[in-house]
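In this text, all values refer to a predicted model and were calculated from it rather than measured experimentally. Order of the sequence lines fixes the chain letters, A, B, ..., with proteins taken first and strands second; residue numbering starts at 1 for each chain. FYI, side chains are in, hydrogens and waters are out, and symmetry mates aren't considered; it's all heavy atoms of this structure.
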There are 2 protein chains.
Amino acid sequence: MPRVRKQNETMSIARLAKHLGLSEGTVSRALNNYPDIAEKTVARVRKAADELGYRPSTTARRLARGVVETIGFVLPARDGHQIDPFLAEILDGLATELALSDWDLLVSAVPDGHDEVEVMDRLIQSGKVGGFVVARTKRHDPRIDFLRTSHIPFVAQGRTENCDDYAWLDIDNEKAFVDAVNYLVGLGHRKIAYLGGDPELNYAWQRRAGYLAATKAKGCDIAPGYMHDGITNELAAREAVLEILKLPDHPTAILCVTDAVAIGAIHALAHAGIDVGSEMSVIGFDGLPMGEAIHPGLTTMSQASYKIGREVGRIVVAQANKANSPASEFSQILWEASLTVRGSANPPALKLAANAKGGIS
Amino acid sequence: MPRVRKQNETMSIARLAKHLGLSEGTVSRALNNYPDIAEKTVARVRKAADELGYRPSTTARRLARGVVETIGFVLPARDGHQIDPFLAEILDGLATELALSDWDLLVSAVPDGHDEVEVMDRLIQSGKVGGFVVARTKRHDPRIDFLRTSHIPFVAQGRTENCDDYAWLDIDNEKAFVDAVNYLVGLGHRKIAYLGGDPELNYAWQRRAGYLAATKAKGCDIAPGYMHDGITNELAAREAVLEILKLPDHPTAILCVTDAVAIGAIHALAHAGIDVGSEMSVIGFDGLPMGEAIHPGLTTMSQASYKIGREVGRIVVAQANKANSPASEFSQILWEASLTVRGSANPPALKLAANAKGGIS
DNA sequence: ACGCTATCCGAAACCGCTTTCGGTTGTCAA
DNA sequence: TTGACAACCGAAAGCGGTTTCGGATAGCGT
């Protein structure tokens with residue numbers, strides 16, 4: 001493969017040094033704020049660098065310094081290749097924060113036939129990334145196990161079962177669902193069904209736990225057929241709703257593990273001729289913008305995904321920067337979801353005009 | 001700043017060469033399929049590299065070869081930091097294709113106070129990327145103008161007004177909206193309103209053109225108040241729908257520039273007590289999964305965004321690989337959107353039970 | 001046995017930047 | 001004046017690969 005010859009115009013530190021009549025070393029130190037370069041020289045170098053449009057080659061700089069200011073992010077492989085909007089916003093926040101810190105974000109997907117850990121391993125071994133962010137954690141997550149042994153800084157968005165020895169930022173899912181149940185109970189509901197997600201996923205498991213704990217604490221019993229796990233898309237939500245509607249003793253409210261599931265449920269209910277918001281209350285989780293656009297508006301537990309992304313970025317960079325200092329503490333941050341009230345949850349059997357409490361505020 | 005000393009365990013080509021009793025050059029050529037290394041040697045080197053877990057440092061390799069197998073993608077800055085789902089899927093496809101070609105994807109955001117071109121320029125000048133993908137093109141797009149002069153390979157997802165001299169992949173938006181209008185006319189509609197997006201955006205402009213051309217061709221006149229531009233979110237859609245409903249002569253169908261707008265419109269119509277799918281037909285564009293989950297299901301012009309992302313990735317890599325060959329042609333690919341029929345569009349004034357044609361198939 | 005090609009591999013020069021180390025200056029006190 | 005000490009800067013050795021160039025070895029015909 002022929003070497004790609006740089007065109008002569010490319011501004012290198014060598015050219016810049018020659019232009020200034022200085023050595024490369026001096027120029028380098030001048031530009032990197034070394035204390036042993038005269039003020040005047042620094043100014044002169046800065047000026048010339050600016051005028052000639054010099055930008056140090058990150059590649060060469062990396063090689064020389066042995067640090068890679070890039071963090072990796074592997075898109076979770078999903079059926080149908082749909083990135084959920086929550087992830088997209090996290091990514092946006094992450095990218096923004098990293099750009100502000102002059103770090104790069106390397107995004108990779110997992111091609112069929114490979115697995116996530118393999119992809120991550122390659123990225124690390126080939127020196128492409130110096131840190132990692134993982135999202136959508138499972139209760140037992142091989143990615144975390146791997147990163148633990150890899151000695152590079154990383155932050156998880158979401159915890160695992162065993163999460164003492166690494167950095168994470170998570171929403172208090174359990175508390176959020178306790179709050180949601182309590183809210184429904186406060187409205188007068190006692191028969192509350194639950195559409196849960198993949199129990200392998202930590203957030204789904206925790207929300208489930210919150211549902212179980214709060215219903216128990218409030219003395220709501222969970223009739224057979226009220227709980228459905230493994231609901232990960234609208235179709236599954238629809239089927240689960242149909243089953244629930246077949247039950248002799250209907251619930252009056254359905255708590256859903258995500259907004260997507262909730263929206264699927266709302267559709268299925270409407271489809272069955274049930275008036276959502278009066279005959280049946282529905283609550284979701286995420287705070288997607290879409291929840292505001294549907295009818296009725298979705299009452300949901302909101303999490304600030306963009307902010308989560310930014311904070312995760314902040315943490316991982318901070319951790320990388322102090323990687324030398326020994327026995328550094330891990331940031332472990334728990335944020336709370338907040339209830340966003342719209343039209344889809346109301347006191348049971350109250351035949352109000354759902355339209356009057358539509359989603360657009 | 002202290003140099004980060006590599007731990008001794010790091011497997012470098014030097015160590016590998018010493019271990020094999022070969023020179024670094026030989027090892028390098030063996031691993032890179034040079035023809036002048038004996039078969040047996042190649043096998044021996046391969047085996048050892050495998051066993052010792054050697055992975056060449058991409059940084060060093062880049063420096064030596066002068067090529068950067070990374071393509072950049074800058075997230076368009078939007079109000080409210082919401083990546084639209086269409087972009088997210090493109091990104092997914094792009095990441096997948098690049099991973100398969102052993103290229104990297106560098107994603108950056110645009111921090112407040114900076115602009116996109118500036119961000120792209122830094123990425124290029126500092127040698128972080130060797131190619132670019134831009135999405136969501138404007139009719140006159142400064143990013144394209146910039147990339148034209150930058151001499152690095154790039155592909156646009158979407159065209160600009162002036163698009164002869166660069167590579168792009170686009171959906172035939174104009175034809176799609178002609179088709180959509182024709183479909184509505186075929187159903188019996190004559191009074192068709194239009195909710196258009198930001199006319200600066202090329203796709204919005206083209207869809208608008210398709211609407212105008214087809215209505216004219218079919219002799220549908222566009223009553224005053226039928227056309228609304230600049231509708232970019234659900235709220236704007238709602239307001240536009242309210243205006244439309246105030247018109248003395250209602251349209252019977254509304255064509256929407258995107259699914260998001262269509263969903264907003266559907267909500268607003270439902271809110272106003274209008275039965276979508278019978279009293280008013282709605283058609284969107286994108287084919288978002290959400291369109292299947294709402295009620296009634298959204299009839300829409302679908303584009304295969306994941307596939308678009310993959311194809312764009314394929315093109316940009318191909319272009320980078322043949323960058324040496326002179327006067328290479330530019331791939332310019334036009335795909336067609338396909339009509340996905342669900343419940344939101346039907347013959348006018350036909351009072352069918354919309355539920356029976358719900359969105360879940 | 002001898003020269004002549006192929007075949008295969010080693011030596012060494014990069015790629016562009018960082019960082020250590022030491023050598024010049026200039027300044028100031030003795 | 002001289003010696004000591006800062007303050008500055010240059011020289012050179014990397015970082016971990018790739019690639020050119022030429023030398024050694026082996027196989028071959030005569």
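Atom P of nucleotide D/dC15 and atom CZ of A/Arg61 are separated by 19 Å, given to the nearest angstrom. Atom NZ in A/Lys18 sits roughly 14 Å away from atom P in D/dA11 (whole-Å rounding). Here C/dG10 presents its C1' atom at 13 Å from CD1 of B/Ile13, a figure rounded to the nearest Å. At whole-Å resolution of the value, CZ in B/Arg55 and P in D/dG17 are 13 Å apart. The nearest whole Å value for the distance from the CZ atom in A/Arg15 to the C1' atom in C/dC17 is 14 Å. If you measure from atom CG of A/Asn33 to atom P of C/dT18, you get 12 Å, rounded to the nearest angstrom. Atom CZ of A/Arg62 and atom C1' of D/dG16 are 14 Å apart (whole Å). Atom pair A/Leu63:CG and D/dG16:C1' shows a separation of 5 Å (rounding to whole Å applied).
Contacts of B/Tyr54 classified as side-chain hydrogen bond (donor to acceptor under 3.5 Å, both in side chains), with partners at least two apart in sequence or in another chain: none. For A/His19, the side-chain hydrogen bond (donor to acceptor under 3.5 Å, both in side chains) criterion is met by no residue, not counting sequence neighbours. Looking at residues two or more places apart in sequence or on another chain, you find a side-chain hydrogen bond (donor to acceptor under 3.5 Å, both in side chains) between A/Asp165 and A/Arg148. The side-chain hydrogen bond (donor to acceptor under 3.5 Å, both in side chains) search around B/Thr137 returns none, not counting sequence neighbours.
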Cut-off 3.5 Å, no hydrogens considered: what does the side-chain donor-acceptor table look like for residues 122-134 of chain B, sequence neighbours left out?
residue  : atom : partner  : partner atom : Å
B/Gln125 : NE2  : B/Asp121 : OD1          : 3.4
B/Ser126 : OG   : B/Arg122 : O            : 2.6
B/Lys128 : NZ   : A/Asp104 : OD1          : 3.3
B/Lys128 : NZ   : A/Asp104 : OD2          : 3.4

Distances under 3.5 Å between protein N/O atoms and the N/O atoms of nucleotides 7-10 of chain D, please, pair by pair.
residue : atom : partner : partner atom : Å
D/dC9   : OP1  : A/Thr41 : OG1          : 2.7
D/dC9   : OP2  : A/Ala38 : N            : 3.0
D/dC9   : OP2  : A/Thr41 : OG1          : 3.1
D/dC9   : N4   : A/Asp36 : OD2          : 3.1
D/dG10  : OP2  : A/Ser23 : N            : 3.0
D/dG10  : OP2  : A/Ser23 : OG           : 3.1
D/dG10  : OP2  : A/Thr26 : OG1          : 2.6
D/dG10  : N7   : A/Arg29 : NH2          : 3.3
D/dG10  : O6   : A/Arg29 : NH1          : 2.9
D/dG10  : O6   : A/Arg29 : NH2          : 3.2

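With A/Val45 as the partner, the side-chain contact (heavy atoms from CB on, under 4.5 Å) test is satisfied by one option alone out of A/Asp50, A/Leu22, A/Thr26, A/Ile37: A/Leu22.
Residue B/Ser28 is in base contact, counting any heavy-atom pair closer than 4.0 Å across all strands shown.
Counting only heavy atoms from C-beta on, A/Tyr34 has its side chain closest to C/dT19 among C/dC15, C/dT19, C/dC17.
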